[in-house]
Amino acid sequence: MEEKEKQKSEDFIGLYNVLFPKTSSAKAKKVIELKKQRKTIVVFEDGTSQCVTCSKDDEYDPKIGFALAYVYHLWGGRKAFETQLGIME
């Protein structure tokens, strides 16, 4: 990872951890952007990770990927999230 991209990732993680200081298990430890594979991977301080992949029909945006990975982490995964919203039955 280039130094500029690494700094950008660290700045984003720092801002995120400021916004959510009390949720220790949900603190991001590392964000990995795989632009060619259209994936965003978030590694959390509790040792778990969440990976989200952008569909070929959508434009890849790592911020949206991070937000979705965070929500999936809080809800216990994609299936639980979609079931709760009524997307899946």
Side-chain angles (χ1 to χ4, degrees):
M1 181 184 299
E2 290 182 26
E3 187 64 32
K4 188 175 182 179
E5 287 184 12
K6 184 178 179 184
Q7 183 62 44
K8 184 179 172 184
S9 178
E10 289 173 358
D11 291 345
F12 185 72
I13 291 172
L15 176 62
Y16 162 79
N17 289 335
V18 166
L19 292 173
F20 302 99
K22 300 294 181 190
T23 55
S24 61
S25 68
K27 282 189 177 181
K29 183 176 181 181
K30 185 175 186 181
V31 178
I32 303 166
E33 298 175 17
L34 304 173
K35 294 178 183 177
K36 290 182 182 177
Q37 293 89 358
R38 304 169 59 86
K39 293 183 179 187
T40 304
I41 303 167
V42 180
V43 180
F44 296 93
E45 286 187 349
D46 65 359
T48 62
S49 64
Q50 245 348 307
C51 177
V52 293
T53 305
C54 180
S55 73
K56 294 178 183 178
D57 299 330
D58 293 327
E59 183 178 335
Y60 174 72
D61 185 341
K63 292 177 186 172
I64 292 174
F66 174 83
L68 198 52
Y70 176 73
V71 168
Y72 286 171
H73 177 73
L74 290 178
W75 284 70
R78 178 180 177 173
K79 185 175 180 179
F81 174 73
E82 291 178 346
T83 301
Q84 193 68 20
L85 291 179
I87 298 170
M88 294 178 56
E89 295 181 13

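When a residue number appears, it is its place in the shown sequence, counting from 1.
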>> Taking side chain to side chain contact (heavy atoms under 4.5 Å, CB included) as the definition, give me every residue that meets it alongside L34, ordered by chain and number, with sequence neighbours left out.
In response: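 If we apply the side chain to side chain contact (heavy atoms under 4.5 Å, CB included) test to L34, skipping adjacent residues, the hits are I32, Q37, K39, I41.
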> How would you list, by chain and number, every residue that makes a side-chain hydrogen bond (donor to acceptor under 3.5 Å, both in side chains) with D57, sequence neighbours excluded?
Replying inline: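 Per chain and number, D57 pairs via side-chain hydrogen bond (donor to acceptor under 3.5 Å, both in side chains) with no residue.
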>> Could you report the tightest heavy-atom contact between T40 and P62, atom names first, then the distance?
In response: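 Smallest interatomic distance, heavy atoms only, reads OG1-CA, 3.8 Å.
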> Considering all heavy atoms of both residues, which atom of A69 and which atom of Q50 are nearest to each other, and what is their separation?
Replying inline: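 Here A69 and Q50 meet closest at O-CG, 3.2 Å.
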> Parallel, tilted or perpendicular: which describes the rings of H73 and F44, with under 30° parallel and over 60° perpendicular?
Replying inline: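 Ring orientation, 0 to 90° scale: parallel.
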>> Would a single hydrophobic cluster contain both L74 and V31, if residues Ile, Leu, Val, Met, Phe, Trp and Tyr are joined by side-chain heavy-atom contacts under 4.5 Å?
In response: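 Yes: a chain of side-chain contacts under 4.5 Å links V31 to L74.
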> Which distance, rounded to the nearest 0.5 Å, do you find between the NZ of K27 and the CG of D46?
Replying inline: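 Between atom NZ of K27 and atom CG of D46 there are 12.5 Å.
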> Quick one: OG1 on T53 to OH on Y60, what's the gap to the nearest 0.5 Å?
Replying inline: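 That separation rounds to 9.5 Å.
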